[in-house]
There are 2 protein chains.
Amino acid sequence: MSVEKIKNMEEFAAKCGVSRPTVSKYFNDPNSVRPKTRRRIEEALERFDYRPNIYAVNQNRRLTKNIGIVVPYLADPFFAEIARYLETHCIEAGFSPSLFSSHGKQELENEILDTLRSMKPAGVLLAPLGRSSDRKVVEQFCRDVPTVLFDSNIDGIGDVFIGSDNPQFTSMMVQYLCRTGEPPCFFEMKTPPNPNARKRRQGYLEAMEVQGHEPHIFEAQGEGWALEEIGLREGIRLLESGEMQTSTILCSNDRLAIGFFAACYQKGRRVGISKDCDIRVAGLDGHPFSSFTCPPLTTVSHDYEAISERSAEALFDMIVDQNRPASRQEKLFDGKLIMRTSA
Amino acid sequence: MSVEKIKNMEEFAAKCGVSRPTVSKYFNDPNSVRPKTRRRIEEALERFDYRPNIYAVNQNRRLTKNIGIVVPYLADPFFAEIARYLETHCIEAGFSPSLFSSHGKQELENEILDTLRSMKPAGVLLAPLGRSSDRKVVEQFCRDVPTVLFDSNIDGIGDVFIGSDNPQFTSMMVQYLCRTGEPPCFFEMKTPPNPNARKRRQGYLEAMEVQGHEPHIFEAQGEGWALEEIGLREGIRLLESGEMQTSTILCSNDRLAIGFFAACYQKGRRVGISKDCDIRVAGLDGHPFSSFTCPPLTTVSHDYEAISERSAEALFDMIVDQNRPASRQEKLFDGKLIMRTSA
DNA sequence: ATATATTTTTTACGCGCGCAAACTTTTTGC
DNA sequence: GCAAAAAGTTTGCGCGCGTAAAAAATATAT
C-alpha cells in the first residue's frame with residue numbers, strides 16, 4: 001500500500017489508466033465494466049487506498065444507497081436483535097444502513113424521519129412507536145420515501161408491513177396452557193407502548209372463548225418502555241390483590257413476564273411446572289434472554305430471521321423495481337411455541 | 001406552511017430577502033448574524049420547510065458536524081444504554097450522531113472505522129472490541145480522527161480514555177462479600193471478549209490478598225459475546241465439578257452472573273442471602289436487567305451518566321479547541337455497590 | 001455629523017462526483 | 001476479415017453549498 005494519498009476520482013483514474021467516468025461506473029456496479037478493466041481498477045485499489053467521497057456521490061446520485069433503519073427502542077434486546085439482522089442484510093445487498101432509535105419518544109421519531117428524509121435514502125425500514133407515533137408525520141414520510149413497516153403496524157400507512165401474527169401467538173399459547181393445566185389469565189398493560197399488545201389481547205379473548213373458558217385480564221398501570229419494572233410493580237399489586245383466580249398467567253410479552261418473575265420471587269411464589277411450584281408463567285416474544293430466566297420462560301418466539309429477511313427483501317424489491325406496490329402488502333409470520341419449564 | 005417546495009439555499013435566501021452567504025452563515029451559527037436578520041430567516045423557516053442539503057454541506061465543510069458512536073455489541077443492554085446517553089448528549093450539543101455496532105467482529109469494526117473515516121466526522125466515541133480489535137487499524141484511525149475511547153481501554157491508543165475503575169469494582173465487591181459472609185471465588189471467562197475482565201481478575205486477586213484469603217478462580221471456556229449462555233453452560237460444569245470450595249461466587253460481569261443463576265436453578269441450588277439459600281452470587285456492571293433477576297442481583301454499577309457525559313464532553317473539548325491533548329488523558333470512575341438479595 | 005467598526009452583499013471559485021451525448025476503441029458474431 | 005455491438009473515452013455541464021475577498025450598507029463611537 002503506497003503512502004501517497006489520492007485526492008479524488010480523477011487522480012485515481014489516472015493511476016488505473018482508465019478514464020474517470022469508467023471508474024465511476026465501476027463503483028456503481030463493478031460488473032458494468034469489462035473484466036480486464038475491472039482488474040486494472042481493483043489492482044490499483046490494492047496499491048492505493050481510495051474511496052469515493054460519499055458526500056459528493058450522494059449529492060449527485062438521484063437515489064443514494066442509504067437505507068434507514070428505525071426502531072422504537074434500541075435498549076430493548078428484541079429490537080437490538082432485529083436491527084442486527086437488518087443491518088447485515090443491507091450490507092450484504094450493497095447498501096449503507098443507518099440505525100436510529102426513537103427511544104420511545106414521539107418528538108425523536110419525528111426528528112429522525114426528518115433527518116432521514118434529508119438523507120434521500122433509497123428506502124427505510126421502520127418499526128414505528130405505534131400508539132404514540134405522530135400519525136400524520138409518519139404517513140407523510142411514507143408517501144415521500146419507500147418504506148417498509150415492520151413489527152408494529154399502523155393501519156394504511158407504508159407500502160408494506162411485515163410482522164408477526166399476534167393473535168396466532170396468543171392463541172397457540174392459550175391452547176398449550178389449557179392443554180397442560182389450568183386456563184391462563186392475561187397480564188398486560190393498560191396503555192401499552194406497542195400496538196401489538198391490542199391484538200394479543202384480542203387473541204387471548206378469542207382463544208379462551210374457543211376453549212370454552214372465562215377470560216380474566218389484569219391491566220397493569222404505567223407508561224413507557226420500562227416493561228420489566230412495570231411487570232414487577234404491577235405484578236406485586238396483582239399478587240397481593242388476590243384477584244388471580246387461576247394459577248396460570250400469560251404475560252402480553254416476555255419483558256413483562258420477566259418483571260412478573262421478580263414479583264413472584266418477592267412474594268414467595270414459586271414459578272414453574274414442577275410439583276413444588278404453585279404458579280405457571282408464560283410470555284410472548286422469544287426475548288433473547290428468555291432462556292436464562294429462573295425458571296426458563298415458556299414463550300412464543302418471533303421468527304426473527306424471517307421477519308428481518310422478508311422486510312429487507314420487500315424493501316429491496318421496491319427499490320430495484322423503482323415502483324411501489326399498487327396496494328398495501330401485509331405479511332404476518334407465525335410464532336414458534338418454545339416450551340420450557342415456567343409453564 | 002406553504003406547499004411550495006424550496007430547491008436550494010439560493011431560493012430560500014430570496015424568500016428571506018437576504019443573500020445566500022448570509023443564510024449559510026445562519027445555519028452554521030444562528031448567532032453570527034444580526035438579530036433582525038435572524039428573525040427574517042426564522043420567519044421564512046416557518047413559512048417554508050427548507051433544510052440545507054446535508055451532502056452538499058458536508059462536502060464543502062472542512063469538518064462535518066457528525067460524530068461517530070461505535071460500540072462492540074449493541075445487543076448488550078449495557079452498550080445500548082450507554083449509546084442512548086451518548087446520542088442524546090451529541091444531539092444536545094448540536095452534532096449528528098451516527099451509531100454503529102461491531103457485533104463482536106473484527107472485520108466489522110475495521111469496516112466501520114473505514115466508513116467513519118470517509119464521513120470526515122468531527123470526532124468519534126469509540127468503545128473498541130478490545131482483545132479482538134485490530135490494534136494497528138484502531139491506532140491509525142485514532143491518529144487520523146479525534147477519538148475518545150470509552151469502556152474498553154487499549155493502551156496508548158486514542159487521545160482520551162474514559163471508563164470505570166475495574167479493580168475498584170472488584171475490590172469493593174470482595175470487601176463487601178468478605179464482610180458479610182464467606183470470601184468469594186471468582187467466575188470469569190478464560191478468553192473474555194472485553195479487556196476489562198483482566199483488570200477485574202487482577203482486582204480480585206489483590207483484594208483477596210489484602211483480606212488475607214486464598215483466591216479461587218474458575219475459568220469458563222467459550223468465545224464471543226453470548227455471555228449468558230457461557231455462564232449457564234460453564235456454570236453447570238462448575239457446579240457439577242465440585243471445584244467450588246466456597247458458597248460465595250463473584251462473576252466477572254452481570255451477564256455471566258445471569259447465566260450462572262440459570263445454572264444454579266437447573267442444578268437445584270438456591271441463590272441468595274436468606275437462610276434457606278445455599279449460594280451467594282454477585283456480579284459486576286449494574287446491568288439494566290440486574291434488578292429483575294431472581295433473586296435481584298447484587299452488583300457494582302458503572303456510573304453510566306458520568307461515563308457517557310464525560311466521554312462526550314472530552315470529545316467536544318477536543319473538537320472546539322481544535323487541538324488534541326498533548327498527552328493521553330485517562331479518567332476512571334468508581335462504581336457504586338448495589339446491595340440486593342443475591343449476595 | 002464624521003470616522004470607525006461591524007455586518008451584509010456581491011462576486012467568484014472550488015469541492016468531488018453523477019450523468020448524458022457524441023465519439024472512439026475493442027470485442028463479438030458470422 | 002468485416003460489420004455490428006459493446007465497452008470505454010472525451011467533453012462538458014450541473015449538483016448545492018462553503019468560503020474567501022472586496023465592495024457596500026449599516027451600526028456604533030466620538
Side-chain angles (χ1 to χ4, degrees), chain A residues 5-45 48-66 94 96 115 117-122 322, chain B residues 5-45 48-66 94 96 115 117-122 322:
Chain A
K5 289 291 165 197
I6 272 93
K7 274 187 180 176
N8 53 33
M9 199 178 275
E10 195 75 52
E11 274 187 36
F12 179 68
K15 298 289 184 189
C16 300
V18 300
S19 73
R20 184 178 69 76
T22 306
V23 174
S24 173
K25 263 187 93 178
Y26 167 83
F27 278 110
N28 278 321
D29 178 10
N31 287 316
S32 69
V33 301
R34 209 179 311 170
K36 202 167 75 183
T37 314
R38 179 171 177 171
R39 259 199 311 277
R40 292 173 73 173
I41 294 176
E42 282 170 351
E43 275 167 18
L45 225 40
F48 313 91
D49 73 325
Y50 164 74
R51 292 185 58 166
N53 181 308
I54 51 172
Y55 301 116
V57 170
N58 286 330
Q59 179 178 14
N60 293 304
R61 243 205 279 265
R62 329 185 165 289
L63 217 63
T64 70
K65 285 258 180 181
N66 296 332
S96 304
T115 303
R117 195 199 311 273
S118 75
M119 285 176 63
K120 299 180 208 289
Q322 200 63 309
Chain B
K5 289 291 166 195
I6 272 99
K7 272 187 179 179
N8 53 31
M9 198 178 276
E10 194 76 51
E11 273 187 38
F12 179 68
K15 298 289 183 189
C16 300
V18 301
S19 73
R20 186 179 66 76
T22 306
V23 174
S24 174
K25 265 189 92 176
Y26 167 82
F27 278 110
N28 278 323
D29 177 10
N31 288 316
S32 69
V33 302
R34 205 181 312 170
K36 203 168 74 186
T37 312
R38 177 171 179 172
R39 257 199 312 279
R40 292 172 72 174
I41 294 175
E42 282 170 350
E43 275 167 18
L45 225 40
F48 312 91
D49 72 326
Y50 164 74
R51 292 184 60 165
N53 180 309
I54 51 172
Y55 300 115
V57 170
N58 287 329
Q59 177 177 17
N60 293 305
R61 244 206 281 266
R62 334 181 161 289
L63 219 63
T64 69
K65 285 257 180 183
N66 297 331
S96 304
T115 303
R117 194 199 311 272
S118 74
M119 285 176 64
K120 301 179 206 289
Q322 199 63 307

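Order of the sequence lines fixes the chain letters, A, B, ..., with proteins taken first and strands second; residue numbering starts at 1 for each chain. All figures in this text were calculated on a predicted structure; none of them were measured in a lab.
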Without decimals, in angstroms, what is the distance between [X] [atom1] and [N] [atom2]?
X     : N      : atom1 : atom2 : result
B/D29 : C/dT7  : CG    : C1'   : 14 Å
B/N60 : C/dG16 : CG    : P     : 9 Å
A/N53 : C/dC17 : CG    : C1'   : 8 Å
B/K36 : C/dT6  : NZ    : C1'   : 14 Å

Nearest-nucleotide 5' precedence on DNA chain D, A/T22 against B/V23:
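Nearest nucleotide further toward 5': that of A/T22.
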When the nearest nucleotide of DNA chain D is assigned to B/P21 and to B/Q59 on a heavy-atom basis, which residue is associated with the more 5' position?
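By nearest-heavy-atom nucleotide position, the 5'-most residue is B/Q59.
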Inter-residue atom distance [X].[atom1] - [Y].[atom2], 0.5 Å rounding:
X      : Y     : atom1 : atom2 : answer
B/E10  : B/S19 : CD    : OG    : 9.0 Å
A/N66  : A/I54 : CG    : CD1   : 8.0 Å
A/S96  : A/N58 : OG    : CG    : 7.5 Å
A/K7   : A/Y50 : NZ    : OH    : 13.5 Å
A/I41  : A/F27 : CD1   : CZ    : 7.5 Å
A/K120 : B/N53 : NZ    : CG    : 5.0 Å

Within the distance-only criterion (no hydrogens, no angle test), does the side chain of B/N8 pair as donor or acceptor with the backbone N or O of B/E11 below 3.5 angstrom?
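Looks like yes, one N/O pair under 3.5 Å.
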Quick check: does any side chain N or O of A/Y55 sit under 3.5 Å from a backbone N or O of B/N60, one acting as donor and the other as acceptor?
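Checking the backbone N and O of B/N60 against the side chain of A/Y55, no donor-acceptor pair under 3.5 Å is found.
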Passing candidate, side chain to side chain donor-acceptor pair (under 3.5 Å) with A/E42, options A/R39, A/R40, A/R38:
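Exactly one option meets the side chain to side chain donor-acceptor pair (under 3.5 Å) with A/E42, and it is A/R38.
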With heavy atoms of chain A within less than 4.0 Å as the criterion, where does contact along DNA chain D begin and end?
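Nucleotide range with atoms under 4.0 Å of chain A: D/dA7 to D/dG16.
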Considering just the side-chain nitrogens and oxygens of A/S24, establish if one lies under 4.0 Å of OP1 or OP2 belonging to C/dG18.
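Indeed, a polar side-chain atom of A/S24 lies that close.
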Under 4.0 angstrom between A/Y50 side-chain N/O and C/dC17 OP1 or OP2:
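For A/Y50, the contact criterion (side-chain N or O under 4.0 Å from OP1 or OP2 of C/dC17) is met.
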Counting only non-hydrogen atoms, which of residues 8-16 of chain B are less than 4.0 Å from DNA chain C?
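Within residues 8-16 of chain B, no residue comes under 4.0 Å of DNA chain C.
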On the side chain of A/R20, is there an atom forming a donor-acceptor pair with the base of C/dG16 - under 3.5 Å, no angle test?
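Flag unset: no donor-acceptor pair detected.
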